[in-house]
Every structure is written in structure tokens, then in C-alpha cells.
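Below you'll find the structure, written out as C-alpha cells, and then a few comments.
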There are 2 protein chains.
Amino acid sequence: MDRTIHDVARLCGTTSRTLRHYDAIGLLPPSRVAGTGYRYYDDDALVRLQRILLLRGLGLALPEVQRVLDSEQDPVTALRAHLDRLRDEQNRLSRQVASVTWTITALENGDPLMAETMFDGFDHTRYQDEVEQRWGAAAYAPGDAWWRALSAVDRETWKRRVTELGAAWVAAAERGTTPGSAEAQDLARRHCAWLASIPGTPGHGTGRPAKEYVLGLGEMYVADPRFAAHYGGEQNATFVRDALRVYAEGNL
Amino acid sequence: MDRTIHDVARLCGTTSRTLRHYDAIGLLPPSRVAGTGYRYYDDDALVRLQRILLLRGLGLALPEVQRVLDSEQDPVTALRAHLDRLRDEQNRLSRQVASVTWTITALENGDPLMAETMFDGFDHTRYQDEVEQRWGAAAYAPGDAWWRALSAVDRETWKRRVTELGAAWVAAAERGTTPGSAEAQDLARRHCAWLASIPGTPGHGTGRPAKEYVLGLGEMYVADPRFAAHYGGEQNATFVRDALRVYAEGNL
DNA sequence: CTTGACCTTGACGTTACGTCAACGTCTAGC
DNA sequence: GCTAGACGTTGACGTAACGTCAAGGTCAAG
């Protein structure tokens, strides 16, 4: 009647280590334990093991298997929840496959591995997380896939726009323009329009960036030396921030 | 120039713990370590971190990221291999989704959770692993999905065929038939035809089961009390085994 | 009684960090 | 100079589900 641990393992296509594990976590105690410590399993235990292995084969975690077999949870409910997780995982995988595929073709076209020079050191997507954490913009899930998806020409166009905008800001600041001036406000308008065109920006799609996000970015332009450097120093960055603030308060 | 660990973490959207981990495994040593043990990172380290995070985001394991960044492996090659793994995982997930979906509908139709009574306790699919291990049949990947996919009518038909075949074996054995007799050999032929019809059987699809597999099964009918019981004891099982052996040697 | 097969518990390794714990360091304000 | 509080350090455990030794006890056959 009673089988040894290895016999049971072979019969069910698993290992004795697994059975000991299931005993250790209380999932499948042996039907009998001899004085020597030897584990013995009867037919009921075999049936339970079959069920465990089937559910595990469907991808359920062991604690969940246990809840189902001990009738603490409806099998159908558990499986439905599991199905949702599986679909999430499928989506995640699909996105990852797309990203990897895209990166491979990009590399084969001679693109550098990274877009670390994208935006000429002015990569907002790399700082959105920080803006969000420090100034509480709405949550979003950015990424640089959209940038890598652009054609070389589009990228050049984009970079040129960024460079021009930055140069205009610097020029206005050096000239002593005030943040509230018409010129500064026009730059702020262009800046916001540009921000809104970046996928991942809070407000992207509505035509204008979220107010809190713009205010947060402005603060960071000043606070972060990398951004400040882009505008030729903290002085200029402060000017940009103030101009953006005025614009945001009045228009966003 | 040099940033503290937490600043770098915030800038790149990760955590200081992660940076310490990358230091510990030699993936990203700080550019400078003060006498106090404090870690400081320069711009080069930031760039490397960006690359690490991008590759990690694509799903590469850290040792692989390290090999790529240290130019020990071509990025495209690594990504292609990774893509293969991702596709395998996608396939696995698809199959699992199908299995879970099927199980859910089966449960809703009132089927018992398990098919542990399938084949009336004569489930070859449950023992194929053992046959393979002990007698070296070809590798295969069985499963009981095909059985669960059968309609109720099909299952009854199937069970009846199995029962009839078993009864015929028992009858022949009890009558004292010899393994090499025409009657026994005809039963062996039917038995092999039946085996070949089971998806997962080595040789399934060729119309006849693999010779080694049949020989192995015959041994198991005798060796395993569960199978032997199906034939009414070890005596009868031995008869079945011998008849199968004769048939297999002459026809497979 | 021996030999070999099989059993036991214990413990470490796997992946990429999260999360304390205990304790040293830096900086700003008084 | 002192102190509070923020930030840094190393060390260690936990995660999921076992695989894989290691050291040593048990069982069945010859």
C-alpha cells in the first residue's frame, strides 16, 4: 500500500526533493512517518499529489495550490485570477519583444547603443521620474522607445528644434529680458508646445503640458546643474523657470 | 562633479540599494570611494548606469549586461539570443493560457478537477516519464490536455475501448493462451494500435508505437502493481508483456 | 555481516534586489 | 564647537521552488 518517497516521485514524474519540500511547507504531508523518519505515502496522498502537480503545471503558486486544495478558495476563481496575471505577463512580454527587436535593428543601422546624447544632453524623459517624485506630477509610464522609433531625419529635426529653443532662451536671458515680457512668454509658449509633443509628458495628447509638471520642470532646470548648464548657468535657468511659471499660471 | 549615491539613484530612477548591488557584483563600481567608504559617481559612471538600465529594461540578466558593456559580447548577438528566450517564454505562456482556459471551462461544466480516474486507472500518460527513464524511450512532451479536450462522448468511447481491450487480454490469459498464439498476437496488434492513437506516445503519428516504448511498457505492466492489477494480477500482466514482446520484435 | 541502494536532516545556491539593524559621517544652524 | 537630522556604510535575512551536495542513519539481499 504505502510507497516510499522515491517510488511516489517516479510514479508522478517529480523528485523526492520536491516531495520533502511539499512536506516542509505543509502542502503534502506523508500519510505515515515511520519511527526512523522515513516518509510513506498512500493512495490518497498520491491523488493529492496529482492535483498539486496539475495546478502547479497550470502555473499556480504553491500557496495558492494549497488554498484551492484545502477548499479555502474556489478553483475557478483562482484560475481566473491566474489567467489575468498570465495575460499581463503576455502583454509585458510582447512589449519587451518589440523593444528588443527595435533595438536590434537600430544597432544594425549603426545607431549607438544608447540615446544618452539624445536631446544633446537634454533628455526630459530621463528626468520625468524625478520631477514626479519631487513635485508630484501625475503618474505616467514614459520610455525612450518613441525616440528610438523616429527616423534619423526626424531625430535631426527634433534635435535642431531643441537646440534652437535653447539658444533663444539663452539669448533672451543674456539680453536681460524680464520673465513676464512678451518675448519671454512667447518662448514659454513654444517651450510648452514642445513639451506637449513629447510622448510621456503629463498632458501629452491634450495639446498642453500639465501645469504642475511645467512648474516642477522649471524648478529642476534651476536645481539640477545638468539642466542649468544647458541654459548657460543657473542665472539663465532661473530666468527660464520664472518665465515658465508666469506662463503656466496664466495659461495652463 | 561627483554625485552621491542617492543623487545618482534619483537621477536615473533607481535606488541606492541597486547601486550598491551593482558595485558588489562588479557591474558598476563608483568612480571614487572616499576614505569613509562613501561612494561617488562621475559622468562616465552615469553613462554606464544608463546603459545598464536600458539593457536591463530589455530583460537582459545582469551578468549578460556586464558582458555586453565590457565588450566581451556583441550586443546584437546577445539581444538575438535574448529574443529567442523571450519567444520561448511567449510560447510557454500561450500554452499555459490555453490550458488554464480549458480547465476553467471544464470545471464550469461540472467536470472533476482531475482526470485521475481517466482510463479507469490506466493512464499511460502518467507513466510515460517513468517508462522513458527506466527503459530509455525517445523523449517527448505529453500532457493530458488532449484528453480533457475530448468530448464526453469521445471519452466514453475511449474508455470502452480500453475496457474491452483489457477484458480481452484477461480472458486470453485466463484461458491459458500462449504469448505467441495468433489470438495473443492479434490482441498485441490492437494494443499497439491503441497506444499509437494516444498523443504523446513515442511513435504517435507514424501509426505504430516505438518498439522500445512497447517493450518498456510491457515491463512496467509486470513491475508496477497498479498496472498488473488492471490485468488481474502479475501472472496475467506477464502474459501481456510476453505477447507484446513477441509482437514488437516481429512487427515494430 | 557486508554491500549498495535508499532514507534522513541541514545547509548553501539560484535572481535582483527590498528591508531592517546597528552604527559612522556630513552639514546646517545655534 | 556642538548637536540634530539627513545620509552613508556593512551585514544579514527574505524572496520561489526547489537542485545539489554533505554527513550519516536504514533497509533488503546475498
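Note on naming: letters A, B, ... go to the chains in the order of the sequence lines (proteins, then strands), and numbering restarts at 1 for each one. For clarity, every value in this text was computed on a predicted model and none was experimentally measured.
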(request) Taking A:S94 for its side chain and A:Q90 for its backbone only, find out whether a donor-acceptor pair lies under 3.5 Å. (result) yes

(request) Rounded off to whole Å, could you give me the CZ-to-P distance for the B:R39 and C:dT25 pair? (result) 15 Å

(request) In whole angstrom, give the distance that lies between atom CG of B:D2 and atom C1' of D:dC7. (result) 17 Å

(message) Is there a side-chain contact between A:L244 and A:F239 in this structure, where contact means two heavy atoms from C-beta onward sitting under 4.5 Å apart?
(response) no

(request) Tell me, with the steps shown, if A:R56 and A:E64 meet salt bridge (Lys or Arg N to Asp or Glu O under 4.0 Å). (result) CA-CA 9 Å; A:R56 189 197 61 170; A:E64 212 149 9; over 6 Å; no

(message) I'd like to compare against my own output: the B/S/- annotation of nucleotides 17-30 of chain D with a strict under-4.0 Å heavy-atom distance to protein.
(response) BBBB----BBS---

(message) Please report the distance, rounded to the nearest Å, between NE2 in B:H6 and C1' in D:dG5.
(response) 15 Å

(message) Out of the candidates A:D70, A:D23, A:D42, only one should pair with A:R48 under the salt bridge (charged side-chain N to carboxylate O under 4.0 Å, His left out) rule; please name it.
(response) A:D70

(request) Report the distance from atom CZ of A:R85 to atom C1' of D:dA16, rounded to the nearest whole Å. (result) 13 Å

(request) Select base, sugar-phosphate, or nothing to describe what A:S16 touches, counting heavy atoms under 4.0 Å on all strands. (result) nothing

(message) Quick check: do A:L215 and A:R241 have side-chain heavy atoms less than 4.5 Å from each other?
(response) no

(message) Students often get this wrong, so: under 4.0 angstrom with heavy atoms, is A:R20 touching a base, only sugar-phosphate, or nothing?
(response) base

(message) Tell me whether the NZ or CZ atom of B:R32 lies within the 45° cone about the ring axis of B:Y40 and under 6.0 Å from its centre.
(response) yes

(request) Would you check, one step at a time, whether the test salt bridge (Lys or Arg N to Asp or Glu O under 4.0 Å) holds for B:R92 with A:E89? (result) CA-CA 11 Å; B:R92 203 186 59 79; A:E89 185 66 6; over 6 Å; no

(request) Using whole Å, report how far CZ of A:R32 lies from P of C:dC7. (result) 13 Å

(request) Calculate the interatomic distance between A:D23 atom CG and C:dT8 atom C1'; express it in whole Å. (result) 12 Å

(request) Nearest whole angstrom, please: distance from the P of C:dA16 to the CG of B:L27. (result) 10 Å

(request) Would you sort out whether A:L19 and A:Y41 count as a side chain to side chain contact (heavy atoms under 4.5 Å, CB included), showing the intermediate values? (result) CA-CA 10 Å; A:L19 294 179; A:Y41 299 82; 3.9 Å; yes

(request) Please check if the side chain of B:T101 supplies one atom and the backbone of B:V97 the other of a donor-acceptor pair under 3.5 Å. (result) yes

(message) Base, sugar-phosphate or nothing for A:I5? Non-hydrogen atoms, less than 4.0 Å.
(response) sugar-phosphate

(request) Could you tell me, to 10°, how much the axis swings from one end of the helix from C:dC1-D:dG30 to C:dC30-D:dG1 to the other, five pairs per end? (result) 30°

(message) With a 4.0 Å limit, can you tell me whether B:R3 has a side-chain N or O closer than that to the phosphate oxygens OP1/OP2 of D:dG8?
(response) no

(request) Grab the CG-C1' distance between B:D7 and D:dA6 for me, whole Å please. (result) 12 Å

(request) Look at the side-chain N and O atoms of B:T4 and state whether any lies under 4.0 Å from the OP1 or OP2 oxygen of D:dG8. (result) yes

